[in-house]
Amino acid sequence: MKRIYTLLVALIACAVTTAQTVDVRIYDAAIDTPTIAPEIYGQFSEHLGTCIYGGLWVGPESDIPNEDGYRTDVLEALKALQVPVMRWPGGCFADDYHWRDGIGPKESRPRMVNSNWGGTVEDNSFGTHEFLNLCEKLGCEPYISGNVGSGSVEEMAKWVEYMTADNGPMAEERKRNGREKPWRVKYFGIGNESWGCGGSMRPEYYSDIYRRYATYCRNFSGNQLYKIASGASDYDYNWTEVLLENIGHRMDGISLHYYTVKGWQGSKGSALDFTTDEYYWTLGKALEIEPVIRRHIALMDAVDPEKRIDLLVDEWGTWFDEEPGTVRGHLYQQNTMRDAMVAALSFNVFHRYADRIKMANIAQVANVLQAMVLTRGQEMVLTPTYHAFYLYRPHQGAHYLETTCSAAERRVTETRSVPEVSVTASRKGGKIHLSLVNPELEKGQKVSVKFEQLKPTKLSAMILKADAIDAYNDFGAHADRVRVTKFEGAKLTKQGLEIELPAASIVTLEIE
Ligand code: AHR
C-alpha cells in the first residue's frame with residue numbers, strides 16, 4: 001500500500017514538472033536534412049503607395065540622403081537583413097505595367113494612372129534599370145513579375161532579352177540606356193494572380209496562356225530563367241491541381257498567396273488597436289497557412305514526387321485596415337509586436353516544408369502592409385517585423401533540423417490553435433541556431449532543450465520583446481521602442497540548455 005502511495009506521489013510530481021517545463025528536442029544527428037532556401041526571407045516591392053517612391057527611391061536630386069537615388073537609410077537597413085531576393089513590379093501592378101515606359105531618359109518616360117492602387121499617377125522614373133541596379137546594390141536576386149494580363153507575348157519576350165542578352169538589338173538598346181553588361185535575372189513570374197487582378201482567368205485557360213508566354217521567355221547569354229506560374233490564393237486547391245496537370249514541369253515553381261486577413265469585405269481590423277482575442281485570432285489565422293500549404297504540397301507530391309517543382313509563397317503577411325488619415329488604396333499600416341509574432345511563427349512553418357518551399361516574399365518591403373521599414377520624409381523606422389527577420393537571419397541557407405516541442409496548445413477557434421511555444425532549428429558551419437517563439441501574453445515558459453548529439457559548450461542569444469504586444473516603432477519619440485537586445489535567460493546544463501522564455505517574446509540562440 002505504502003509503495004503504491006509513493007508511486008502515486010512520484011507520478012503526480014512528474015506530471016507537475018512536465019506541465020511546468022516545455023521539453024524541446026533537437027535532432028541534430030541527421031546529416032541529409034534539406035537546406036532552408038535563403039529566398040524564404042525574400043521581399044516584395046510593388047508600385048503601390050509609397051513602397052517605391054519615398055520608400056526605396058527618392059531620386060538623385062532629393063534632399064533625403066541617397067545613393068544614386070536610393071534612400072541611404074533604407075539601403076543600409078536592407079543590407080543588414082541580407083535580403084536574398086526582391087520581387088517587382090507587382091502584385092496587381094505587374095499586369096498593368098509596360099516595361100518600355102520605364103526605360104530611357106526620365107523626361108520622356110510616359111506617365112500612367114496606377115488604377116489598382118488609388119489612381120495615383122505613376123511617372124515611371126523607377127523602371128527596369130533602377131530595380132535591377134538596386135538588386136545589385138543589395139546583393140539579392142531579382143524576381144521580375146511579367147505582364148500577362150494586359151501585355152503581349154512579344155513585350156514579355158523582349159523584356160527578357162533586354163535584361164539578359166549580351167548582343168542583338170535589345171542589348172544594344174540597353175547599352176544606349178547606360179547599361180553595358182546584361183543583368184543576371186533568374187526568377188521570372190508569368191503573370192500575377194491571374195485568377196483575379198491579373199486577368200480573371202480560369203485555371204484551364206491560364207495554363208494554356210502560361211505555356212504560350214513561357215515558350216518565348218528564352219535563355220540568353222548563359223542566363224538561366226526559373227519560370228514561375230501564377231498560383232493559387234490560399235484555399236483554392238483546384239487552381240493548383242489544374243496547373244500541375246496542364247503545365248507540369250514546364251514551370252520551375254508555382255506561387256501561393258496567403259494573407260493573414262480577417263476577410264476581403266468590410267473592416268480588416270486595426271493594425272494598432274486590437275483586443276487580446278483579436279491578437280490570438282490573428283496568430284491562429286497566420287498559422288492556418290500550415291494546413292493550407294500541406295494540401296497544396298500533397299497535390300504537388302502526387303504529380304511531382306521527385307520535387308522538381310517548388311512552392312513559392314510569393315505574397316504573405318498581415319493585412320489590416322489602412323491607417324486613418326493615409327491615402328486610400330495605398331495600404332499603409334503600422335506594425336506592432338503582434339506582426340513580429342506572425343512573421344516568426346510563419347518562418348517556423350516555412351522551415352518545416354523546406355524541401356518544397358523555396359521562396360517566400362513578405363508583402364511588402366516598405367510602407368505597405370507588413371513592411372520592414374516605414375518612412376516619412378527624412379525619417380525611417382524599423383518595424384518589429386524587421387527585427388523578427390533580423391533575428392531569423394542565421395537560418396538562411398542553413399540545414400533544417402527536426403525538433404519536437406511538448407508545449408500545450410491554446411485553442412482559438414474550433415479549427416485553429418496556437419502553440420504556447422513554437423520552435424525551429426538549423427545548422428550552419430558547425431553552429432546550431434534555435435529560434436523560440438512564446439506567443440502567450442502572460443505566461444513565461446521554462447524550456448529545457450536536449451540534443452541528440454551535441455554537447456553544447458558555447459551559447460549566445462538575442463531577444464525581441466516589447467513592453468506591450470501592441471508596441472510599435474514610430475517617427476520621432478519612440479523610433480526604437482521595439483528592438484532586439486541581448487538575451488541572458490539561457491544557460492548551458494549537463495544535458496543541454498535551460499531557457500527562461502519571457503511571455504510574448506522571440507529568441508534566437510546560437511549554440512556551439
Ligand atoms: O500586396 C498587395 C496586393 O495583394 C498585390 O498587389 C496582389 O498581388 C495581392 O492581391
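Atoms within each ligand, like the ligands themselves, are counted from 1 in listed order. Just so you know, these numbers come straight off a predicted model, no measurement behind them.
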Return yes if a side-chain donor-acceptor contact under 3.5 Å exists between R352 and Y400, otherwise no. no

Side chain to side chain donor-acceptor pair (under 3.5 Å) between T72 and N66, worked out: CA-CA 5 Å; T72 316; N66 68 85; over 6 Å; no

Decide yes or no on side chain to side chain donor-acceptor pair (under 3.5 Å) for Y259 and E315, but give the supporting numbers first. CA-CA 7 Å; Y259 283 99; E315 283 186 35; 2.5 Å; yes

Can you find a pair of side-chain heavy atoms, one from T260 and one from T282, that are under 4.5 Å apart? yes

Would you say the SG of C135 sits less than 2.5 Å from the SG of C140? no

Write out each pair where an N or O from ligand 1 and one from the protein are under 3.5 Å apart, with the distance.
unit_1	atom_1	unit_2	atom_2	d
ligand 1	1 (O)	Y259	OH	2.8
ligand 1	1 (O)	Q364	NE2	3.0
ligand 1	4 (O)	Y259	OH	3.4
ligand 1	4 (O)	E315	OE1	3.2
ligand 1	6 (O)	E46	OE1	2.7
ligand 1	6 (O)	E46	OE2	3.0
ligand 1	6 (O)	C92	N	2.8
ligand 1	8 (O)	N192	ND2	3.1
ligand 1	8 (O)	E193	OE2	3.4
ligand 1	8 (O)	E315	OE1	3.1
ligand 1	8 (O)	E315	OE2	2.7
ligand 1	10 (O)	E193	OE1	2.7
ligand 1	10 (O)	E193	OE2	3.1

Checking K106 against E130 for the salt bridge (charged side-chain N to carboxylate O under 4.0 Å, His left out) test, could you report, in this order, the C-alpha distance in whole Å, the side-chain angles of both residues, the deciding distance, and whether it holds? CA-CA 11 Å; K106 298 252 157 109; E130 290 75 21; 3.1 Å; yes

